[in-house]
Amino acid sequence: MQSARRLTRRAVGLIAAVILVASLPLYAAPEKIRLHVDDYVIDAQIQPVTHKLTAHTTVKFTALEDLATATFELNNALRVTHVADDKGQELQAERVSQDNTVRVALPNGLPKGQSTALTFDYEGTLQSADDSPVQGLKLAYIGNDITYLLYPARWFPMSNYGINRFTATITITAPQDFEIIGSGKQSPGQPFSGASEEPRKETHETTASKSRRQLGNPRRELEKKEAAKSEPAGMHSVTFTWDKPSFPGTIIAGKFVKTVSSEGGLNLTVYTLPDKKQFAQEYASTATKELFFDITLFAPPVSSTLSVVELPDDTVPSAWAPEIAALAAHNITEKTNYRLLANTIAHQWWGVQVSPASKNDWWLNDGFARYTEALYIEHLVGEAGFQEAIKDMSVGALAYQTVPLSSVGSLDTFSPEFQSVVTDKGAMILHMLRFVLGDSKFNTAMRTFAQQYSMQSVSVDQFREVCEKVLGDKLTWFFSQWVDSTSAPEFKDKYTIYRMGNGKGFRIVGEITQDLDLFHMPVEVKVDTDGQTELKTIEVVGTNSPYAIETYGKPRRITIDPNDHVLKNSSDIQIRTAILRGQALVQQGDLAEALRQFQSALAIAKASSLAHYRIAEVFYLQRNYQAAANEYRDSLNGDGEPRWTEVWAYIQLGKIFDITGQRERAVNSYRQALQTNDNTQGALDEARKYLNKPFERPKDITQ
């Protein structure tokens with residue numbers, strides 16, 4: 001496997017993709033929201049052999065202002081064959097492919113505050129990403145082993161994605177050997193009878209035939225019962241009913257093997273294909289532990305049922321929905337990916353139970369899930385692992401500083417900027433808030449927030465009010481600084497040490513400086529001495545903040561914010577953010593700009609092994625093997641941070657030697673990789689593999 005992909009930082013790869021699937025709206029500048037969808041009744045059939053979806057969907061909605069036209073988002077791969085109102089009257093629908101929408105004219109209009117229902121018949125082939133609402137990303141696929149209809153795929157007509165909470169009754173008809181997974185109470189469904197296989201000749205359709213497609217129409221129900229008697233051989237139907245407004249729009253089906261766990265009273269099932277069955281029990285155990293950890297922090301979730309489901313590798317690394325946590329196959333391995341699973345499960349609270357009221361509130365979803373993941377790391381592996389997670393989040397938070405969180409809705413929501421801000425800066429805000437409130441009050445605030453606004457859409461102001469009530473003081477200064485602004489301080493310290501008389505020790509008189517005039521934050525100062533370490537919290541206000549600390553032992557080292565409680569700039573962070581931006585550009589295919597970002601990191605630290613390694617990857621992708629080899633060697637001769645750069649540089653050099661026909665040198669390089677005894681991301685297995693058989697560059701992939 002290509003090491004560039006294996007070793008991409010989670011802030012760029014895994015978490016960005018979790019955000020992409022789980023919670024991002026589609027357009028950078030959406031139109032004003034003019035309607036609210038209240039409920040869906042979806043009757044759909046999947047045909048794996050032909051990759052076809054056929055569906056009959058009734059959408060109940062309420063006008064938020066006077067409407068002459070109702071607009072819904074719908075995947076461009078799906079063709080609407082018929083639209084009717086709640087009286088069965090045929091309506092005119094216009095497909096607008098530029099924004100994946102269908103616009104339905106309402107002949108009599110719909111006054112503000114009134115509700116109605118529209119019924120859509122539609123069909124289409126879901127096989128590739130060609131017509132995906134997210135360019136180049138496959139979010140829906142109907143196939144023989146696994147079928148997935150992810151909520152962001154817009155496989156049913158929707159409005160205000162990720163914000164509009166709704167209830168749903170979804171019936172799916174699929175092959176008999178398919179397990180079907182969805183959200184809500186499960187019951188046997190009637191076989192599909194909603195839409196015809198061929199487009200209707202709408203101009204000749206009778207009023208009686210239209211009326212049969214009305215929601216709850218007795219004749220339609222009778223037809224479905226009659227159809228059940230002649231259900232196609234090898235097909236079965238399942239109905240999922242979710243009656244609490246949320247986002248129950250994901251369906252996954254396939255030839256899964258089930259692993260069931262009822263530990264602690266939970267109803268937890270892991271669905272995998274047969275080749276992943278061996279890992280299912282460990283993932284069930286890990287998911288159970290993570291659920292109970294979150295329950296302890298935030299109170300019980302809305303449901304005690306959870307399905308952990310395998311997705312294929314041709315889509316996103318993870319996805320969530322009520323009662324669903326889905327992971328791509330490459331994330332289900334012998335080494336349990338507990339971090340990604342923790343993040344995905346956390347969305348049962350932050351997304352399912354509590355969701356953002358607007359795009360500008362998006363970090364209440366993804367930032368909260370990211371920090372919940374970090375809290376679980378702290379619980380599981382301790383402070384060292386937690387600090388590494390905080391460093392990752394700090395880098396992501398500062399990688400892009402174009403707009404504040406309070407205006408993030410103005411960004412292209414599938415851009416690295418949006419993902420970085422809502423996820424990592426959102427998580428860092430919670431980390432800093434924990435420091436300001438203290439652990440006990442922070443935990444109380446998070447629990448109160450989850451309980452008070454359960455099954456609701458919420459704003460940042462509502463979260464702030466909860467925190468202020470728990471603290472007993474205003475936090476306007478904190479939220480204004482971190483939510484409404486973009487900058488982070490770079491602390492500098494000037495001090496003088498005085499020896500006090502009569503053996504009383506030493507006095508440090510110093511001043512913390514930084515360049516943000518409006519900055520206000522408590523900051524710790526740590527003093528390492530010959531004896532006891534001193535730790536004091538200083539209120540840093542404005543650009544210059546004096547302090548005085550007395551110690552008994554002679555001061556040896558003074559550190560500002562030693563535990564990284566504050567989001568701050570530093571040369572190390574600047575290097576890592578430049579590299580992170582470069583990695584994002586590599587993922588987007590912009591290698592030239594990625595190279596410039598990596599080189600800017602080298603300008604700060606010429607010996608950065610990581611910067612040299614990333615530059616080598618770019619040259620390697622371009623098949624500029626001599627330049628790549630030079631950079632891999634510079635990485636080996638650099639500062640050695642992070643440690644994995646050594647083993648993977650040797651492996652990549654070995655591949656280059658194999659590609660260029662120098663087998664003896666390749667073998668030597670693989671042996672040097674083995675001598676590092678570093679198995680990061682399976683490095684040693686990779687080295688052994690190519691010791692036995694020369695590496696060959698795949699014809700269709702530049703490796």
Side-chain angles (χ1 to χ4, degrees), residues 1-3 5-8 10 13-15 17-18 21-22 141 143-148 150 177-182 250-264 266-294 304-321 323-348 369 372-373 376-377 379-381 385 389 644 678-689:
M1 182 183 295
Q2 181 182 332
S3 59
R5 294 184 180 181
R6 298 176 67 116
L7 299 172
T8 300
R10 290 185 86 240
L14 299 180
I15 296 304
V18 173
V21 170
Y141 172 75
N144 286 320
D145 290 326
I146 296 181
T147 284
Y148 54 91
L150 302 182
D177 58 351
F178 271 33
E179 294 283 351
I180 306 174
I181 301 106
T250 289
I251 295 292
I252 306 172
K255 299 174 183 178
F256 293 118
V257 178
K258 294 198 298 184
T259 301
V260 179
S261 171
S262 58
E263 183 180 346
L266 298 174
N267 178 22
L268 194 148
T269 306
V270 178
Y271 293 86
T272 62
L273 292 182
D275 65 332
K276 296 289 184 178
K277 167 70 174 175
Q278 59 184 314
F279 310 125
Q281 188 57 57
E282 185 59 36
Y283 273 77
S285 177
T286 301
T288 298
K289 293 173 184 175
E290 292 175 343
L291 277 167
F292 278 116
F293 175 78
D294 292 348
S304 61
T305 295
L306 183 70
S307 297
V308 178
V309 191
E310 177 182 345
L311 285 172
D313 286 331
D314 63 355
T315 184
V316 292
S318 67
W320 60 266
E323 300 182 340
I324 295 174
L327 304 180
H330 69 269
N331 290 312
I332 302 176
T333 62
E334 183 177 2
K335 184 177 181 180
T336 306
N337 195 334
Y338 74 91
R339 291 186 61 171
L340 182 59
L341 185 60
N343 186 288
T344 310
I345 288 175
H347 282 289
Q348 296 302 308
T372 302
E373 171 199 344
Y376 186 72
I377 293 170
H379 165 75
L380 186 67
V381 300
W644 59 257
D678 181 355
N679 198 34
T680 301
Q681 295 290 332
L684 300 182
D685 296 333
E686 187 101 340
R688 293 188 190 100
K689 175 181 176 180

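- In this structure, the separation between CD on Glu290 and OG1 on Thr344 is 9.0 Å, given to the nearest 0.5 Å.
- Atom CD1 of Ile146 is separated from atom CZ of Phe178 by 9.0 Å, given to the nearest 0.5 angstrom.
- Taking each heavy atom of Ala342 and Tyr376 in turn, the nearest pair found is CB-CD2, 4.3 Å.
- By the 30° and 60° cut-offs, the orientation of the rings of Tyr271 relative to Phe256 is perpendicular.
- Asn343 has its side chain out of reach of Arg339: every pair of non-hydrogen atoms, C-beta onward, lies at least 4.5 Å apart.
- A pairwise comparison of heavy atoms in Ala346 and Asp294 identifies CA-OD2, 3.9 Å as the closest pair.
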Check step by step if side-chain contact (heavy atoms from CB on, under 4.5 Å) holds for Lys689 and Asp685.
-> CA-CA 6 Å; Lys689 175 181 176 180; Asp685 296 333; over 6 Å; no

Check the pair Val316, Leu150 against side-chain contact (heavy atoms from CB on, under 4.5 Å), reporting the backbone distance first and the verdict last.
-> CA-CA 10 Å; Val316 292; Leu150 302 182; 4.2 Å; yes

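- A donor-acceptor distance shorter than 3.5 angstrom exists from the side chain of Glu310 to the backbone of Leu273, with no hydrogens or angles considered.
- A donor-acceptor pair is defined here as one N or O able to donate and one able to accept, closer than 3.5 Å; such a pair exists between the side chain of Thr286 and the backbone of Glu282.
- Within the model, atoms CG of Leu311 and CG of Asn331 stand 10.0 Å from one another, a figure rounded to the nearest 0.5 Å.
- Listed for the Asp313 side chain is a donor-acceptor partner under 3.5 Å among the backbone atoms of Ala329.
- Closest non-hydrogen pair, Ala280 versus Thr259, comes out as CB-OG1, 3.3 Å.
- Between atom NZ of residue Lys255 and atom OG1 of residue Thr272 there is a gap of 15.0 Å, rounded to the nearest 0.5 Å.
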Give the intermediate values and the outcome of side-chain contact (heavy atoms from CB on, under 4.5 Å) for residues Asn337 and Leu327.
-> CA-CA 9 Å; Asn337 195 334; Leu327 304 180; 5.5 Å; no

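- Inspection of the Tyr148 and Asp314 side chains reveals an N or O donor paired with an N or O acceptor under 3.5 Å.
- Looking at Tyr283, its side chain never comes within 3.5 Å of a backbone N or O of Val309 through a donor-acceptor pair.
- With Asn679 contributing its side chain and Leu684 its backbone, the two residues share a donor-acceptor pair below 3.5 Å.
- Looking at heavy atoms from C-beta onward, Thr336 lies out of side-chain contact with Phe279 at the 4.5 angstrom threshold.
- Distance check, rounded to the nearest 0.5 Å: CG of Leu341 to CD of Glu373 gives 10.5 Å.
- Glu263 CD: 12 or fewer foreign heavy atoms inside a 6.0 Å radius.
- The minimum heavy-atom distance linking Ser261 with Ala284 is given by the pair CB-CB, 4.3 Å.
- Put simply, the side chain of Leu291 reaches to within 4.5 Å of the side chain of Leu268, judged on heavy atoms.
- Of all heavy-atom pairs between Ile252 and Ala326, the closest is CD1-CB, 3.9 Å.
- A donor-acceptor pair is defined here as one N or O able to donate and one able to accept, closer than 3.5 Å; such a pair exists between the side chain of Gln348 and the backbone of Ile324.
- Using a 4.5 Å heavy-atom cutoff, the side chains of Leu266 and Leu306 are not in contact.
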Could you please spell out the steps behind the side-chain contact (heavy atoms from CB on, under 4.5 Å) verdict for Tyr338 and Ile377?
-> CA-CA 9 Å; Tyr338 74 91; Ile377 293 170; 4.1 Å; yes

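- Residues Ile332 and Val270 fail the side-chain proximity criterion, which asks for heavy atoms closer than 4.5 Å.
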